[in-house]
Amino acid sequence: FQNAGTAADDGELPEALEPAEPFREGADPQEGADLREAASGKFADVVSYLWVIWLFGAVLAACIKWNDYRNFAAYVKADREEIREGSVRALADELSAKIGIKRVVKVYESSLISGPVMIGMIHPGIILPKGIAGQEDVSLILHHELVHVKKKDLWYKLLYQAVLSIHWFNPFLYLAGRKLNVDCELACDESVLELLTLEQRKAYGNVLLDAAEYKMNFKKSMFSTTL
């Protein structure tokens, strides 16, 4: 203890008893910078992975939708025959002029479908089931499908499909698609009913009932319309 006493006499503390240097936050700036850089790098990696997953999903969704449309279009076009003359062609031209359609909308018949279908955005065409052309309610069916042409409903559906491909991970957009179909058909029905008499409205109601049964047994493309 002599050395300790001598140091105390000189006004100095022994080395073992000297107070430690107080801790100062951020004493090593380089270490903090390295931690921030590492965290930033990990975040960038996560963003990169998510971006790749999103891009893959968007491309895959768009390809699936395009393939489905091509298959659907090929199916309904496989057996179609254009109606170039007769009462149905004249009726289609008359209704087109009545609702303000300037282009000629082609009308076809096919034995592969059991209900009317309208496909084609640049060159829209109406495909009727074989034998329906001679029925009394064919004018109501043509009127309904021509209103779809007038309102450009297929273009709105194409826009929706593009948005859905981009936001393929959003479940609310899939629900919105169902509402889009319903609203599209209701708006079309309303436009048709405005131009019908009471008796014609009753007949149109029967057409809609038949169409509802047809839809239960037929899966159509999003790039098409039906009654």
Side-chain angles (χ1 to χ4, degrees), residues 67-158 178 181-227:
N67 184 67
D68 288 345
Y69 169 71
R70 291 190 61 183
N71 291 337
F72 175 81
Y75 172 78
V76 298
K77 291 179 180 179
D79 189 47
R80 69 177 185 177
E81 296 179 2
E82 184 178 355
I83 302 176
R84 300 179 181 273
E85 55 187 20
S87 59
V88 173
R89 180 65 264 171
L91 186 58
D93 293 337
E94 178 185 345
L95 290 171
S96 295
K98 185 177 181 180
I99 62 179
I101 298 177
K102 297 181 180 180
R103 69 173 72 184
V104 175
V105 180
K106 294 183 178 181
V107 182
Y108 304 87
E109 277 188 320
S110 174
S111 60
L112 297 178
I113 60 175
S114 57
V117 177
M118 196 269 286
I119 61 173
M121 283 162 285
I122 299 177
H123 303 291
I126 300 172
I127 305 178
L128 302 174
K130 201 80 170 180
I132 200 175
Q135 298 181 12
E136 295 181 358
D137 54 9
V138 68
S139 63
L140 300 175
I141 294 173
L142 287 174
H143 196 167
H144 180 101
E145 300 302 332
L146 287 169
V147 169
H148 280 304
V149 177
K150 174 66 176 178
K151 291 180 174 292
K152 296 180 172 57
D153 288 336
L154 289 184
W155 285 102
Y156 291 118
K157 290 189 173 186
L158 175 63
R178 297 181 181 179
N181 279 333
V182 172
D183 290 347
C184 179
E185 296 300 329
L186 290 178
C188 184
D189 292 335
E190 184 178 356
S191 298
V192 174
L193 290 171
E194 289 178 354
L195 302 176
L196 299 182
T197 64
L198 180 60
E199 290 300 321
Q200 289 175 325
R201 290 182 180 182
K202 293 180 180 179
Y204 188 70
N206 292 329
V207 171
L208 294 180
L209 291 175
D210 293 339
E213 182 178 357
Y214 158 71
K215 288 180 182 179
M216 292 177 62
N217 300 314
F218 182 73
K219 184 178 181 180
K220 64 188 181 68
S221 169
M222 191 64 183
F223 298 102
S224 66
T225 63
T226 63
L227 275 172

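Since we're looking at a predicted model, the values are computed, not measured. As a basis for the values below, the full set of heavy atoms in this structure was taken, side chains included, without hydrogen atoms, waters or symmetry mates.
Across all non-hydrogen atoms, the minimal contact from Ser191 to Lys151 is OG-CE, 3.2 Å. Across all their heavy atoms, Glu194 and Arg201 have their closest contact at CA-NH2, 4.4 Å.
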Practice item. Evaluate side-chain hydrogen bond (donor to acceptor under 3.5 Å, both in side chains) for Tyr204 paired with His144, printing each intermediate quantity in order. Key: CA-CA 10 Å; Tyr204 188 70; His144 180 101; 2.7 Å; yes
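Put simply, the side chain of Glu94 never gets that close to the backbone of Leu91: no donor and acceptor are under 3.5 Å apart.
Looking at heavy atoms from C-beta onward, Met121 lies out of side-chain contact with Lys157 at the 4.5 angstrom threshold. The closest side-chain heavy-atom distance from Cys184 to Asn181 is not below 4.5 Å. Residues Tyr75 and Leu112 form a side-chain contact, since some pair of their non-hydrogen atoms from C-beta on lies under 4.5 Å apart. Within the 4.5 Å cutoff, side-chain heavy atoms of Ile119 are placed close to those of Lys77. With a 4.5 Å cut-off on side-chain heavy atoms, Ile127 and Glu109 do not count as touching.
Atoms CD and CG, on Glu190 and Leu195 in that order, are 11.0 Å from each other to the nearest 0.5 Å. Distance check, rounded to the nearest 0.5 Å: CD1 of Ile141 to CG of Leu95 gives 12.0 Å.
We find that Asp93 and Arg89 are joined by a salt bridge, their nearest charged nitrogen and carboxylate oxygen being less than 4.0 Å apart.
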